[in-house]
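Notes to accompany the following structure.
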Amino acid sequence: MQKRGPTYKCEATTLEGFIQQLAVGYVARRYFFYVSGRVPKRLTPQEHDARLLDKYGVAISKWSRYRRTKRTGPGGRPLANVQYIRYRDFWVLLSTAGYHRFFQEHVQLAPGGLATIRQYQDVRQTPVVFGGYTIGHNGKASVRLSRRAYRELKEQFLQVACLHRTTDRLEQEFRRSPFESYGGVTRQMFALLKAVNKARKTAGLSPVPRSCVRVKRKAVKPFEPVSIRLAA
């Protein structure tokens, strides 16, 4: 069993921190291949973390990761690096392209044994979906509302779009949106605003101003204890 580095942090303390680290810390740095899941009930989250960190040699220094990118494995392929993150019982294990146990462990023989089926996903083709977000990559890391979250949010806004003559209540609702203002999310929120204003125009009501849509994302420390954050 490999000895884990004592400073590797993998437990995000908030959903916002989890999404930020996954998108900005990993996917933006070309950790495109992933497997994800829920911690089995027979294990504590910490036991599950320890097993995966040890099995895949995740907890290494930045310098060690850099050195791996300069080395090659079988077939002349560069050695890959892996990262791991968990929020509550949901976890994601990610890898860069190259040679690594990650890829060996996540393939299985197809019926007949003549081909293999990969069990890992490519975030560029199949985004990670969690907490109302999708995290993908289309030339750069992309964070958007999931289809379900967007649909439900649109239904909620359209239900109250024409209930009030003034726009105060709707402006508050847009400002209090629980979703962080990543570029993709912001564009979706403006699309929602457009749908709301279309309904209000049909009803002869004044439009909700664009200024109520938040366009700046607040950066967080993904692994900072919540108690420290609240005390700050």
Side-chain angles (χ1 to χ4, degrees), residues 1-4 8 10-12 15 18-19 21-60 64-65 67-152 184:
M1 180 177 291
Q2 178 178 342
K3 184 177 181 180
R4 291 186 289 116
Y8 188 85
C10 63
E11 182 180 2
L15 174 61
F18 175 83
I19 299 300
Q21 185 65 20
L22 187 58
V24 180
Y26 300 148
V27 172
R29 290 178 168 81
R30 308 186 69 80
Y31 285 83
F32 293 152
F33 307 99
Y34 74 94
V35 290
S36 62
R38 301 280 181 172
V39 176
K41 292 185 178 181
R42 68 179 183 275
L43 299 175
T44 66
Q46 292 72 29
E47 288 172 338
H48 185 268
D49 296 346
R51 289 191 179 192
L52 290 191
L53 293 179
D54 285 331
K55 182 175 183 178
Y56 295 100
V58 182
I60 60 177
S64 296
R65 293 181 191 280
R67 286 187 297 177
R68 284 183 61 84
T69 64
K70 304 302 179 181
R71 296 166 54 197
T72 56
R77 290 184 295 165
L79 297 183
N81 280 308
V82 292
Q83 299 280 8
Y84 170 80
I85 188 169
R86 175 179 57 79
Y87 174 63
R88 296 182 177 174
D89 71 337
F90 182 76
W91 58 268
V92 185
L93 178 70
L94 307 101
S95 177
T96 58
Y99 181 82
H100 197 282
R101 182 177 181 177
F102 171 91
F103 296 102
Q104 298 171 310
E105 292 285 338
H106 294 103
V107 294
Q108 64 180 14
L109 288 177
L114 299 178
T116 58
I117 301 174
R118 76 178 197 186
Q119 297 172 306
Y120 58 88
Q121 303 289 344
D122 185 333
V123 76
R124 293 167 295 184
Q125 301 169 357
T126 308
V128 178
V129 181
F130 181 70
Y133 293 93
T134 65
I135 303 95
H137 194 283
N138 53 6
K140 61 180 181 180
S142 171
V143 180
R144 296 172 54 85
L145 300 179
S146 67
R147 290 183 179 181
R148 178 177 178 179
Y150 181 80
R151 182 178 65 250
E152 291 178 350

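We're numbering straight along the sequence, starting at 1.
- With sequence neighbours excluded, no residue forms a side chain to side chain donor-acceptor pair (under 3.5 Å) with Q46.
- Among all heavy-atom pairs drawn from Y84 and L93, the shortest one is CB-CD1, 4.0 Å.
- Between H48 and W91, the two ring planes are tilted [angle within 30° to 60°].
- Applying the side chain to side chain donor-acceptor pair (under 3.5 Å) rule to R30 yields no partners; only residues at least two apart in sequence or on another chain are considered.
- Taking the side chain to side chain contact (heavy atoms under 4.5 Å, CB included) definition, one finds that R88 meets it with nothing, sequence neighbours left out.
- Between I19 and the options V143, V24, V128, a side chain to side chain contact (heavy atoms under 4.5 Å, CB included) holds for only V143.
- Applying the salt bridge (charged side-chain N to carboxylate O under 4.0 Å, His left out) definition to pairs two or more places apart or across chains, those involving residues 119-140 are D122-R124.
- Residues satisfying the side chain to side chain contact (heavy atoms under 4.5 Å, CB included) test with L79, not counting sequence neighbours, are R68, R71, Y99.
- Annotation: salt bridge (charged side-chain N to carboxylate O under 4.0 Å, His left out) contacts involving residues 76-87, sequence neighbours excluded, comprise E11-R86, D49-R86.
- Shortest non-hydrogen contact noted between L22 and V92 is CD1-CG1, 4.2 Å.
- Partners of R148 according to the side chain to side chain contact (heavy atoms under 4.5 Å, CB included) rule, which considers only residues two or more places apart in sequence or in another chain, are S146, R151, E152.
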Side chain to side chain contact (heavy atoms under 4.5 Å, CB included) for L52 and V58? Distances and angles first, verdict last. CA-CA 8 Å; L52 290 191; V58 182; 5.9 Å; no
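- Partners of H106 by ring-ring contact (aromatic ring centres under 6.0 Å, His included), not counting sequence neighbours, listed by chain and number: Y56, F102.
- Residues passing the side chain to side chain contact (heavy atoms under 4.5 Å, CB included) test with R144 are T134, S142, Q188, sequence neighbours excluded.
- Nearest heavy atoms, A80 versus S95: CB-OG, 3.7 Å.
- With sequence neighbours excluded, the residues satisfying side chain to side chain donor-acceptor pair (under 3.5 Å) with Y26 are Q21.
- Legend: salt bridge (charged side-chain N to carboxylate O under 4.0 Å, His left out) pairs involving residues 89-100, not counting sequence neighbours, sorted by first then second residue: R38-D89.
- The closest side-chain heavy-atom distance from Q83 to Y8 is below 4.5 Å.
- Residues satisfying the ring-ring contact (aromatic ring centres under 6.0 Å, His included) test with F103, not counting sequence neighbours, are F33, Y120.
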